Amino acid sequence: MRKKILLHACCGPCAEYPLQELLKSDADITVYYFNPNIHPIEEWKRRLAQLEYLTARLGLELIVDGTSEPDIWIDWEKQGKTNRCSMCYESRLGKTAAKAAELGMDAFLSTLQVSPYQDFDLITSIGNNYAEKYSLEYMASDFRSGFRQGQNMAREDGLYRQKYCGCAISLENSDFREKILRDLEGLAAQQ
Ligand code: SF4
């Protein structure tokens with residue numbers, strides 16, 4: 001029987017390389033968009049749109065969770081956490097594992113593991129914990145060597161490539177903050 005895999009995806013560009021690699025295997029792949037951290041909502045929609053384009057091009061099913069709770073990431077210390085990014089990984093991997101179990105899948109993983117800017121070992125550890133909880137396999141996959149290739153693939157696909165991680169604090173800290181805010185204002189005006 002073919003292995004059923006749920007791939008958590010944070011955006012289209014980060015999904016490019018992992019999907020290229022996963023599609024080499026004889027597995028059923030479903031893509032899952034659950035990114036409540038992304039601020040503001042125009043950015044949440046923009047990242048989803050890129051992923052919709054990519055999954056449609058590849059003929060893959062995309063499941064979208066509409067949760068958008070960026071304020072939790074602004075006030076993250078009120079959640080009693082000591083590490084904002086750990087909270088972020090926990091949130092997304094926990095929900096992905098639960099969805100994979102609900103759908104009767106065998107395994108799950110995340111495009112977060114393509115980015116050299118994320119904490120690969122922490123994501124792996126959190127993924128393994130949720131895999132144990134739900135009796136699934138966590139496919140800790142070191143896609144980082146393909147990060148640049150994936151970004152180039154996204155450029156060729158004409159995808160928008162974001163310049164900040166996603167939460168409001170990462171936007172504030174971005175070197176491109178002013179340009180991003182101008183772009184987002186333009187998007188908001190169109191909606
Ligand atoms: S910097 Fe990125 S991983 Fe860390 S909390 Fe913000 S969105 Fe999540």
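Order of listing sets the numbers, starting from 1, for every ligand and every atom in it. Only heavy atoms go into these numbers, but all of them, side chains included; no hydrogens, no water, no symmetry mates. Everything quoted here is computed from the prediction, not taken from an experiment.
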- Just by distance, do the side chain of Thr124 and the backbone of Phe120 share a donor-acceptor pair under 3.5 Å? yes

- Here the ring-ring contact (aromatic ring centres under 6.0 Å, His included) pairs for residues 31-51, sequence neighbours left out, are Tyr33-Trp44

- Say whether, by atom type as modelled, one donor and one acceptor occur between the side chain of Ser115 and the main chain of Leu112 under 3.5 angstrom. no

- Environment of atom 4 (Fe) of ligand 1 in terms of protein N/O/S atoms, cut-off under 2.8 Å: Cys85 SG

- Item | Short side-chain to backbone donor-acceptor contact, Asp142 and Arg144, under 3.5 Å | yes

- Item | Side-chain donor-acceptor pair present, Glu43, Tyr160, cut-off under 3.5 Å | yes

- Verify, without hydrogens or angle tests, whether Ser170 (side chain) and Tyr164 (backbone) share a donor-acceptor contact under 3.5 angstrom. no

